[in-house]
Engineer: 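Encoded as structure tokens, here's the structure I'll be asking about.
Chain letters run A, B, ... following the sequence lines, proteins first and then strands; every chain starts at 1.
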2 protein chains.
Amino acid sequence: MDTTVGLRERKKAETRQAVHEAAMRLTMEHGLDNVTVEAIADAANISRRTFSNYFAGKEDALLYGEQRRIWSLVEAFRARPAEESTWQALLNAARGLYEEVGEPNRELAIQTRLVKQHPSLLARQMANHIRVERELSRAIAEREGLEPGASRPRVLAAAYLMSLRIAANLWIDAQPDESRRPSLLELAEEVLAEFAQPFR
Amino acid sequence: MDTTVGLRERKKAETRQAVHEAAMRLTMEHGLDNVTVEAIADAANISRRTFSNYFAGKEDALLYGEQRRIWSLVEAFRARPAEESTWQALLNAARGLYEEVGEPNRELAIQTRLVKQHPSLLARQMANHIRVERELSRAIAEREGLEPGASRPRVLAAAYLMSLRIAANLWIDAQPDESRRPSLLELAEEVLAEFAQPFR
DNA sequence: CATAATATATGCCCACTGAGCAACTTTGCT
DNA sequence: AGCAAAGTTGCTCAGTGGGCATATATTATG
């Protein structure tokens, strides 16, 4: 066979996605605290034991979508042309993601709200954030030809991811009754711009 | 009685501290994975059930010291004179903490290393970081007379805490074989300064 | 000071969880 | 086809969080 990915991998990816969606649906229906791992596994047609092979807990299953989104940023950044400055490349990576995701993103909004309400979700999400930050820091160090231990890549990576996080929060907090609700992308650019200016 | 804090509160604080220390000791002896809540409770002379009244899990017990340290920053910031700029006040709050804590801080080093090795600890710590960030953001908004929903306080609070986190990581990563190991305070100032400059 | 009100500690209990193990099934490769 | 590798499942168990009731300690009040 010459399919890029074998049947095995494809099925795994499908199962993972199915579990994620089952977790989302059940959580929205009954609330995170009233959903057991067993219920999610049932809804996804796998055994409780197998669930453990895919995710470490229901929180991870829930956050799977968000995880993929964030990790894709690193990929997108690495794919930016070398002519762009690092910061520009990061900005463009974010733009690409937001355009691809589409603005009126229901799932993103729901997930962000969920994370805000449940400390256990917040914890897992931030832990993942840090892992992404490390990887992004490495990517930045490579692009700029710095040692991986330098401080600048870390600062850039952290500042960037943080900006996106803050933008998402601002977006969620924005009251829908305001006449003009800012788009997520606009907010992100605003926050990123604020970062690019010196603090006084 | 007019003692500022009653016996009740003092005892609670003592117990909390005792549990924290027991958790630290046992973890250093046997490794986090080989320590049960029951063992910690025993070592601190309380029942397993009572442990739950103090901490949500062994991770929280372990991170108690770090938590107090970070929360104290908010207090310190609020106590800075109004003449200082916000950023200056934040810097001085950090200086105060680091001076108070003292440089060759064994516990801080151990905790930072532990967090680096155990994702569950990392998750909890970051979740707490976010809570502190919210509170600090509120404090900044008050000081600058901004609405709590504005973006600038959030950006400042996040950038500040992130700087301290990065500094701690740089500090831990610094090889002790280097002739001159930078102090934590120096690293923090360096990172904070990097933030105060525009990104290119 | 006595006693009521309140907060804390503990024991008992149970549903949920993560993971090791071994048997079994599916997929990939030749 | 046939074997090896990877994935799935059931069984099991120690560990965990938390509700509830009870006992005990602290604080407030008359």
Engineer: Nearest to the side chain of A/Thr50, heavy atoms from C-beta on, is which of D/dT9, D/dA5, C/dC13?
Structural biologist: D/dT9
Engineer: Considering only NZ, NE, NH1 and NH2 on the basic side and carboxylate oxygens on the acidic side, decide whether A/Arg138 and A/Glu133 come within less than 4.0 Å.
Structural biologist: no
Engineer: Should B/Arg80 and B/Glu75 count as an ion pair when the cut-off is N to O under 4.0 Å?
Structural biologist: no
Engineer: Can you measure B/Asp33 atom CG to C/dG18 atom P for me and round it to whole angstrom units?
Structural biologist: 15 Å
Engineer: Round to a whole Å and report the spacing from CZ of A/Arg16 to C1' of D/dG7.
Structural biologist: 12 Å
Engineer: Calculate the interatomic distance between A/Phe51 atom CZ and D/dC11 atom P; express it in whole Å.
Structural biologist: 20 Å
Engineer: Within the 4.0 Å heavy-atom criterion, would you say B/Phe55 contacts the bases, only the backbone, or no part of the nucleic acid?
Structural biologist: nothing
Engineer: Just compare D/dT12, C/dG11, D/dG17 and give me whichever is closest to any side-chain atom of A/Arg48.
Structural biologist: D/dT12
Engineer: Please state how far atom CD1 in A/Ile40 lies from atom P in C/dC16, giving the value in whole angstrom units.
Structural biologist: 12 Å
Engineer: Applying salt bridge (Lys or Arg N to Asp or Glu O under 4.0 Å), run through B/Glu189 and B/Arg95 and close with a yes or a no.
Structural biologist: CA-CA 9 Å; B/Glu189 304 230 355; B/Arg95 287 193 188 106; 2.5 Å; yes
Engineer: For B/Thr15 and for A/Glu59, find the nucleotide of DNA chain C with the closest heavy atom, then tell me which residue's nucleotide is more 5'.
Structural biologist: B/Thr15
Engineer: How long is the line joining OH of A/Tyr54 and P of D/dT8, in whole Å?
Structural biologist: 4 Å
Engineer: Closest-nucleotide mapping onto DNA chain D: is B/Glu9 or B/Ser52 further toward the 5' terminus? I mean the 5' end.
Structural biologist: B/Ser52
Engineer: Counting side-chain heavy atoms from CB outward, which of C/dG11, D/dG17, C/dT17 is closest to B/Arg49?
Structural biologist: C/dG11
Engineer: How long is the line joining CZ of B/Arg8 and P of D/dT27, in whole Å?
Structural biologist: 6 Å
Engineer: Can you measure A/Asn45 atom CG to D/dG7 atom C1' for me and round it to whole angstrom units?
Structural biologist: 16 Å
Engineer: Between B/Lys11 and A/Asn53, name the one whose nearest nucleotide on DNA chain D is closer to the 5' end.
Structural biologist: A/Asn53
Engineer: Would a distance-only check, ignoring hydrogens and angles, find a side-chain to backbone donor-acceptor pair under 3.5 Å from B/Tyr160 to B/Leu90?
Structural biologist: yes
Engineer: Does this structure show an ion pair linking A/Glu107 with A/Arg69, if we count only N-O contacts that are shorter than 4.0 Å?
Structural biologist: yes
Engineer: Can you tell me the distance, in whole Å, between the CG atom of B/Asn34 and the P atom of D/dA14?
Structural biologist: 16 Å
Engineer: To the side chain of B/Thr36, which of D/dC11, C/dT17, D/dT16 is closest?
Structural biologist: D/dT16
